[in-house]
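Shown next, in structure tokens, is the structure this report addresses.
The figures here come from the full heavy-atom set of this structure, side chains too, leaving out hydrogens, waters and symmetry mates.
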Amino acid sequence: QVQLVESGGGLVQAGGSLRLSCAASGLTFRRAAMGWFRQAPGKEREFVAASSGGAGSTYLADSIKGRFTISRDNAKNTVYLQMNSLKPEDTAVYYCAARYTVTVSRAASDYDNWGQGTQVTVSS
């Protein structure tokens, strides 16, 4: 059974930083594409970042380029989202997702498993 457990969310002031972690189990992590998505109240879930399986190539949404980075540690079955220069508009529930293929996707519907989400709140 695949499990994805996010951690690291919280309340931070604008300009601050947070690092989210997603620990995965029950899948061949090194071959799985991993994604981060977020959903703000009243809005659709949106793509934030992804890391491919295999080579670990990374992909970022335009809205967070230069501020967020995604990385993975295959030895720990964990993917990270480092968030710097946070803005109030980054406030959302952040979700980790896994796809049973090395190829990433920016579409939430292409992912096979999801974590429970972690709240990130950025105050102005």
Side-chain angles (χ1 to χ4, degrees):
Q1 183 177 358
V2 176
Q3 284 193 320
L4 304 175
V5 179
E6 300 104 332
S7 61
L11 173 64
V12 64
Q13 288 188 333
S17 298
L18 284 173
R19 188 176 81 154
L20 305 183
S21 300
C22 172
S25 60
L27 76 168
T28 305
F29 183 80
R30 68 183 184 279
R31 295 182 180 176
M34 301 298 296
W36 285 99
F37 291 77
R38 67 186 182 185
Q39 188 165 19
K43 294 188 177 181
E44 293 187 354
R45 192 167 297 192
E46 67 171 347
F47 170 79
V48 175
S51 171
S52 69
S57 301
T58 61
Y59 303 83
L60 301 171
D62 289 341
S63 61
I64 55 88
K65 279 182 180 176
R67 299 189 298 122
F68 293 10
T69 56
I70 184 172
S71 62
R72 64 193 293 160
D73 185 337
N74 289 338
K76 295 183 178 180
N77 285 7
T78 301
V79 62
Y80 304 96
L81 184 68
Q82 177 67 44
M83 306 186 294
N84 299 328
S85 302
L86 282 161
K87 304 176 180 179
E89 51 263 45
D90 295 318
T91 295
V93 177
Y94 283 71
Y95 296 91
C96 171
R99 192 171 187 225
Y100 300 157
T101 175
V102 298
T103 308
V104 303
S105 172
R106 296 172 183 256
S109 58
D110 286 338
Y111 285 79
D112 299 293
N113 286 95
W114 292 82
Q116 80 287 354
T118 185
Q119 177 70 47
V120 171
T121 303
V122 184
S123 63
S124 57

(message) Among V79, L60, I64, exactly one meets side-chain contact (heavy atoms from CB on, under 4.5 Å) together with W36. Which residue is that?
(response) V79

(request) Return the set of residues passing side-chain hydrogen bond (donor to acceptor under 3.5 Å, both in side chains) with R67 (not counting sequence neighbours), or none when no residue passes. (result) D90

(request) Could you tell me which residues satisfy side-chain hydrogen bond (donor to acceptor under 3.5 Å, both in side chains) with Q3, sequence neighbours excluded, listed by chain and number? (result) none

(request) Return the set of residues passing salt bridge (Lys or Arg N to Asp or Glu O under 4.0 Å) with E46 (not counting sequence neighbours), or none when no residue passes. (result) R38

(request) Tell me who clusters with F47, hydrophobic residues only, linked when side chains sit under 4.5 Å apart either directly or through other members. (result) F37, Y59, V93, Y95, V104, Y111, W114

(request) Ignoring hydrogens and angles, tell me if any N or O in the side chain of E6 forms a donor-acceptor pair with the backbone of Q116 under 3.5 Å. (result) yes

(message) Are more than 12 heavy atoms, taken from residues, nucleotides or ligands other than R31, located less than 6.0 Å from that residue's CZ atom?
(response) no

(request) List in chain and number order the residues that pass side-chain hydrogen bond (donor to acceptor under 3.5 Å, both in side chains) with S105, two or more places apart in sequence or in another chain; answer none if no residue qualifies. (result) D110

(request) Could you tell me whether a side-chain N or O of S52 sits under 3.5 Å from a main-chain N or O of S57, the two making a donor and an acceptor? (result) yes

(request) Write down the atom of S51, the atom of R72, and the distance for their closest heavy-atom approach. (result) OG-CD, 2.9 Å

(message) Is it the case that the side chain of T121 and the backbone of T91 share a donor-acceptor pair, with hydrogens and angles ignored and the cut-off at 3.5 Å?
(response) no

(message) Contact between V48 and L81 at the side-chain level, heavy atoms closer than 4.5 Å - yes or no?
(response) yes

(request) Output all residues satisfying salt bridge (Lys or Arg N to Asp or Glu O under 4.0 Å) with K65, sequence neighbours left out; order by chain, then residue number. (result) D62

(request) Might you point out which heavy atoms bring M34 and C96 nearest each other, and give the distance in Å? (result) CE-SG, 3.7 Å

